[in-house]
Amino acid sequence: MPDSGGSRAQREHIPTSGTGPGSDSAPLPPHGDAGALSVDPGAPQVTAPAGLPAAPEAGGLTAPAVKAARRTGFLVTMVLGGLTALPPLSMDMYLPALPAVTDSLSAPAATIQLTLTACLAGMALGQLVVGPMSDRWGRRRPLLLGMVVYVIATAICALAPSAELLIGFRLLQGLAGAAGIVIARAVVRDLYDGVEMARFFSTLMLISGVAPIIAPLIGGQVMRFTDWRGIFVVLTGVGIVLTLVVWKWLHETLPPGSRHTGGVGEALRTMRGLLADRVFTGYMITGGLAFAVLFAYISASPFVVQEIYGASPQTFSLLFGLNSIGLIAVGQINGKLLVGRISLDKVLGFGLAVIVLAAVALLLMTTGVFGEVGLVPIAAGLFVLMSAMGVAMPNTNAQALMRTKHAAGSASALLGTSSFLIGAIASPLVGIAGEDTAVPMAVVQVVCAVAAVGCFLGLCRPWQRAGQGTL
């Protein structure tokens, strides 16, 4: 990991000094202690919620693991970024090929659309399986197994002779690809604490946020030289490279003493205990609702921008790229400038407030309150809304995972699955009023954004922990 002095493993073994919030003026709790860390060493720690297994006292990364993390810090950062980028690559590279798949397999368009639904459903459900597996057997083995299955499923997709077989193996591809998402978050939780974890999530957003921008472009270029099957060949190659890099350079980050030894029953009890933690559940739902605002944008923006406001496909691609750049840029501002200087809850609250204001502005514009508006004001509102996601999404993940070092894999699974499911529910609602209005998109965004603020205030209650030195 980056040699910034913020690695959790480094801080457990290397004494540091300093004063003020966010400094390492006192030794941090050992790796095995349950609950969130407090920036103020004198503040009470949050312990594992009732019903959750407490982590062992003697966990902790060994000195060789610390040295390995230092040696391969940049590479491991890129590997984790690649793992989180693989699912959007798997989804978005395939989009330009949908008409060609329909013709090639002689199937209705609605049937071919199920190949997207199957992959998305697999990614959501797969996290619930892989997360607890990684808490029991460590991070490397489930991740390598998932990557191998991903490669095999993707290769078979390239050879699929029928739509039904393609749907089935797209589901398996999503289930296996979920290992990268959930374990990447768990590895970050294993190695980092506090503000450094929030910074690292912002770095992952920079890497993985590029994927949705370039994936359709890559898919389109592949289609210039081959047919739709070539896209799956490229994804197979990417999967093979990531598998080899994980095997070679990604060290185990969960020591045996911190693993759970129970079976399915214990995994379910762990998840039930996590959900019983009001604050964790608050951050989980807040993040899921913010993700639903993002899904509503992704689902509706091609139609809104091109069909209603008359933009060309090239203009839409430019605006989509600018919005993604805004999200990435704000995410880097969050990680480099805000985190460590301002409490994560304050930054998160500000981001949620901006999302609500932007969504309300879009609703007022689309309902005609300001008269007939053109594309530029709508595009500006979408840009502000998307950019604010750069502080909302990484900080909800960081705050939730800081409470769960005793079950980071299961917690990561719940975070990912809830986001995908809430987003999947919100996405179809944007077209509920037909093709002639953008109001449903704005309504969905306002409702989800306001609900996110309500969950943040009602469940997380950041003011109750502000005096305890929490982030």
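- Contact detail for L459 and G282: the closest heavy-atom pair is CB-CA, 3.6 Å.
- When all heavy atoms of V444 and A296 are compared, the closest pair comes out as CG1-CB, 3.9 Å.
- How far CG of L128 is from CG of L414: 6.5 Å, rounded to the nearest 0.5 Å.
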Can you give the donor-acceptor pairs under 3.5 Å from side chains of residues 367-375 to other protein atoms, not counting sequence neighbours?
from : atom 1 : to   : atom 2 : distance (Å)
T367 : OG1    : L363 : O      : 2.7
T367 : OG1    : L364 : O      : 3.2

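- Contact record, T286 with A452: OG1-O, 3.5 Å, taken as the closest heavy-atom pair.
- A donor-acceptor contact shorter than 3.5 Å links the side chain of T115 to the backbone of I112.
- Annotation: F350, atom CZ; neighbour count of heavy atoms from other residues, nucleotides and ligands within 6.0 Å does not exceed 12.
- Taking all atoms of both residues into account, the shortest heavy-atom contact from C455 to L289 is SG-CD1, 4.0 Å.
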**Prompt:** How far apart are the C-alpha atoms of M389 and V293, what are their side-chain angles, what is the distance that settles it, and do they pass the side chain to side chain contact (heavy atoms under 4.5 Å, CB included) test?
**Reply:** CA-CA 9 Å; M389 293 289 176; V293 177; 3.4 Å; yes
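- I308 and A438 make their closest contact through CD1-N, 3.5 Å (heavy atoms, listed as atom of the first residue, atom of the second, distance).
- The OH atom of Y150 sits 13.0 Å away from the CG atom of L175 when rounded to the nearest 0.5 Å.
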All N/O donor-acceptor pairs, side-chain side in residues 226-238, below 3.5 Å, sequence neighbours left out:
from : atom 1 : to   : atom 2 : distance (Å)
D227 : OD1    : R229 : N      : 3.1
W228 : NE1    : S104 : OG     : 3.1
R229 : NH1    : A158 : O      : 3.0
R229 : NH1    : A160 : O      : 2.8
R229 : NH2    : A160 : O      : 3.1
T236 : OG1    : A155 : N      : 3.4
T236 : OG1    : F232 : O      : 2.7

